[in-house]
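Below is one structure, written out as structure tokens; comments come after it.
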There are 2 protein chains.
Amino acid sequence: MTGLPPEPASSPGPEPTPEAESPDRFAQARSAQSVALIEDYVELIGDLIAEQGEARITDIAQRLGVAHPTVTKAVARLKREGLANSRPYRGVFLTEAGAALAEKVRTRHRTLVSLLVALGVPSDTAELDAEGMEHHVSDVTLAAFEAYLAARD
Amino acid sequence: MTGLPPEPASSPGPEPTPEAESPDRFAQARSAQSVALIEDYVELIGDLIAEQGEARITDIAQRLGVAHPTVTKAVARLKREGLANSRPYRGVFLTEAGAALAEKVRTRHRTLVSLLVALGVPSDTAELDAEGMEHHVSDVTLAAFEAYLAARD
DNA sequence: CGGCGAATGTAGCCATGGCTACATCTTTTG
DNA sequence: CAAAAGATGTAGCCATGGCTACATTCGCCG
Ligand SMILES: [Mn+2]
Ligand SMILES: [Mn+2]
Ligand SMILES: [Mn+2]
Ligand SMILES: [Mn+2]
């Protein structure tokens, strides 16, 4: 216990720290971030397969507004994590795990948008915000959203 | 119109694409992410100054659950963006812009937590989820949250 | 007043996620 | 059936955000 500053002698006394901010809270938000991209990719690949019968690198890149090598690297990661398959010059496909994740993500996305709209958020704004928020909505929170939506008349 | 695959001839016809997913939507979520860290830093620095009279690199690192060089680099970025000042071996301070951002972020954080709790989310879960979600809540959505909170009995 | 030890700074590594430029492959098409 | 052109792959660059290891500086204390 040495250190530099000798308590700048400000107003706040040595109260037991009002909130205590556990580091884990931030750690969680940080790692969730790493998962966000994966979720968007998987959901989008699922969408493309449903809409067009397959998901091509170029289509994915276009939808995401990203250059194609970026997609190639991301798909490599999806494969590494067992969420997708692909062979050179062929499209990208989801594994069972990938498809399951896509479905979960899609559902959560829709529920969140519905909630926002129910709370009075314009639907275009709801879509926009949901795209980012969705990746941080835990199962518990999602359940609460569903309950609220179901309960309201 | 050349390209590789000749329509794998699946079920879906050439419907006008149900949702059309504009790339901007993802781009927005992506850049919001880049802003998330900055917001958390600024908010935390503000908290530390309020609680302890100053924000030291070590304290920030401890609160965020991160190594101190990580904080040093982040603070350099905050300075670059005009949100903070600091001089070697002294603490970190917020500029006016930084303080304003901190205040805004803090308010939004509290509103979001209140909303989640109001919807039945347990407060610890609300705190956890809010830490990530907050950075994707637009002003419009925030206003809707406030209206909902104000309107309920 | 001289050290010791904690706090800070600095260097340099890694992974992720973007990009551009260029090489290859596949399909279409002339 | 041989290009031409579009789609993919690959190489290699940059910024961000983490880390460890090591060098400095500062503030207390003996
Ligand atoms: Mn998303
Ligand atoms: Mn989504
Ligand atoms: Mn946060
Ligand atoms: Mn916060």
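Protein chains get the first letters and strands the later ones, always in sequence-line order, with residue 1 at the start of each. Nothing here was measured: the structure is a model prediction, and the numbers come from that model. Atom set for the values below is all heavy atoms of this structure, side chains included, hydrogens, waters and symmetry mates excluded.
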Q) Which other residues end up in the same hydrophobic cluster as B:Val117, if Ile, Leu, Val, Met, Phe, Trp and Tyr are linked when side-chain heavy atoms come under 4.5 Å apart? A)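 Reading the cluster by chain and number, B:Val117 sits alongside B:Val113.
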Q: Give every residue pair that meets the ring-ring contact (aromatic ring centres under 6.0 Å, His included) criterion with at least one member in residues 112-140 of chain A, sequence neighbours excluded.
A: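 Only A:His136-B:His136 qualify under ring-ring contact (aromatic ring centres under 6.0 Å, His included).
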[X] [atom1] to [N] [atom2], straight-line distance once rounded to whole Å:
| X | N | atom1 | atom2 | answer |
| --- | --- | --- | --- | --- |
| B:Arg87 | D:dT25 | CZ | C1' | 14 Å |
| B:Arg90 | D:dT25 | CZ | P | 13 Å |
| B:Asp59 | C:dA6 | CG | P | 15 Å |
| B:Leu48 | C:dA7 | CG | P | 14 Å |

Q: Look at the side-chain N and O atoms of A:Arg56 and state whether any lies under 4.0 Å from the OP1 or OP2 oxygen of C:dT26.
A: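 Indeed not, no polar side-chain atom of A:Arg56 lies that close.
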Q) Reckon A:Thr72 has a side-chain N or O less than 4.0 Å from the OP1 or OP2 of D:dG9? A)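 For A:Thr72, the contact criterion (side-chain N or O under 4.0 Å from OP1 or OP2 of D:dG9) is met.
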Q: Would you check, one step at a time, whether the test salt bridge (Lys or Arg N to Asp or Glu O under 4.0 Å) holds for B:Lys104 with B:Glu39?
A: CA-CA 9 Å; B:Lys104 179 183 166 185; B:Glu39 292 187 341; over 6 Å; no
Distances under 3.5 Å only, N/O to N/O: pair up the protein atoms with those of nucleotides 2-4 of chain C.
none

Q: List the steps and the verdict of side-chain hydrogen bond (donor to acceptor under 3.5 Å, both in side chains) for B:Glu127 and B:His109.
A: CA-CA 9 Å; B:Glu127 214 40 79; B:His109 183 112; 2.6 Å; yes
**Q.** Any residue meeting side-chain hydrogen bond (donor to acceptor under 3.5 Å, both in side chains) with B:His68, in chain and number order, not counting sequence neighbours
**A.**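 Scan of B:His68 (side-chain hydrogen bond (donor to acceptor under 3.5 Å, both in side chains), adjacent residues dropped) gives none.
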Q: Taking only the side-chain heavy atoms of B:Pro88 (C-beta and beyond), determine which of D:dT8, C:dT26, C:dG9 contains the nearest atom.
A: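 Nearest nucleotide to the side chain: C:dG9.
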Q: Could you encode protein contacts along nucleotides 15-23 of chain C as a string, one character per nucleotide from 5' to 3', using B for base contact, S for sugar-phosphate-only contact and - for no contact, with a heavy-atom cut-off of under 4.0 Å?
A: -SBBBBB--
Q | Residues B:Ser31 and B:Ser34: side-chain donor-acceptor under 3.5 angstrom | A |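 Short answer, no.
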Q: Apply salt bridge (Lys or Arg N to Asp or Glu O under 4.0 Å) to B:Arg106 and list each qualifying residue two or more places apart in sequence or on a separate chain.
A: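 Counting only residues at least two positions away or on another chain, B:Arg106 forms a salt bridge (Lys or Arg N to Asp or Glu O under 4.0 Å) with B:Asp47, B:Glu103.
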Q.
Side chains of B:Leu94 and B:Leu83, heavy atoms from C-beta outward: is any pair under 4.5 Å?
A.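 No; the side chains remain at least 4.5 Å from each other.
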